[in-house]
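Note sheet for the following structure.
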Amino acid sequence: MKRILKNLDDLKGWEREMPEPVRKALEIPAFRHRLERQVEVLDTYYGKDRDLERDLGGYCAVLYGDEQEVSLDKERILGKYHLRSEDYELEDVYECPVN
């Protein structure tokens, strides 16, 4: 499963409906701070209202679920944008057990 976050408003809106495992991960201060900071940087440099399909600028992809789901979603995202793992600027991995 995945969620694409274009800007800080996307993150704030998702918080009302996000699955419990992601909600628990956001309780980790380092994870929450890093995610919020990344979307704020994208908003600042590329514009809050950019079109992800046509404009320059990036997004944050939050991948969650079991290891196989995460791997499959990652490959789909890379394939959609014709990227290789070496092409994206930043990848943070935070593991948060469901229990």
*Calculate, to the nearest 0.5 Å, the distance between atoms CG and CG belonging to L35 and L8 respectively.*
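Separation between the atoms: 9.0 Å.
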For residues [X] and [Y], report the shortest heavy-atom separation together with the two atoms involved.
X   : Y   : result
R3  : W14 : NH1-CD1, 3.0 Å
R23 : M18 : NH2-O, 2.9 Å
G58 : R50 : O-NH2, 2.8 Å
K2  : D73 : N-OD2, 3.7 Å

*Stepwise side chain to side chain contact (heavy atoms under 4.5 Å, CB included) check, I4 with V62*: CA-CA 6 Å; I4 302 298; V62 178; over 6 Å; no
*Side chains of L42 and L5 in contact at under 4.5 Å (non-hydrogen atoms)*: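 No, side chains not in contact.
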*Using the side chain to side chain contact (heavy atoms under 4.5 Å, CB included) rule, take E40 and R37 through it: C-alpha gap first, then chi angles, then the decisive distance, then the call.*
CA-CA 5 Å; E40 286 172 349; R37 182 70 187 122; 4.0 Å; yes
*Count the heavy atoms belonging to other residues, nucleotides or ligands that lie under 6.0 Å from CZ of R32, then report whether that count exceeds 12.*
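Yes, because the 6.0 Å sphere around CZ of R32 holds more than 12 heavy atoms from other groups.
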_Within 6.0 Å of CD in E17, more than 12 heavy atoms from elsewhere_ =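 Buried by this count: over 12 neighbours within 6.0 Å.
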_Pair K6 + D49, salt bridge at N-O below 4.0 Å_ =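 The answer is no: the pair does not qualify as a salt bridge.
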*Would you call E75 and K80 a salt bridge, using N to O less than 4.0 angstrom?*
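No, no charged N to carboxylate O under 4.0 Å.
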*Is there a side chain to side chain contact (heavy atoms under 4.5 Å, CB included) between L26 and E15 once you walk through the steps?*
CA-CA 9 Å; L26 282 176; E15 284 188 277; 4.3 Å; yes
*Indicate if L72 and I77 have the same hydrophobic cluster label, given that clusters are the connected sets of ILVMFWY residues with side-chain heavy-atom separations under 4.5 angstrom.*
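Not linked; separate clusters.
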*Would you check if the side chain of S71 reaches a backbone N or O of E67 as a donor-acceptor pair within less than 3.5 Å?*
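No; zero donor-acceptor contacts below 3.5 Å.
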*asked:* Using the side-chain hydrogen bond (donor to acceptor under 3.5 Å, both in side chains) definition, which of the options D9, D10, N7 pairs with K48?
replied: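 For K48, the side-chain hydrogen bond (donor to acceptor under 3.5 Å, both in side chains) check succeeds only for D9.
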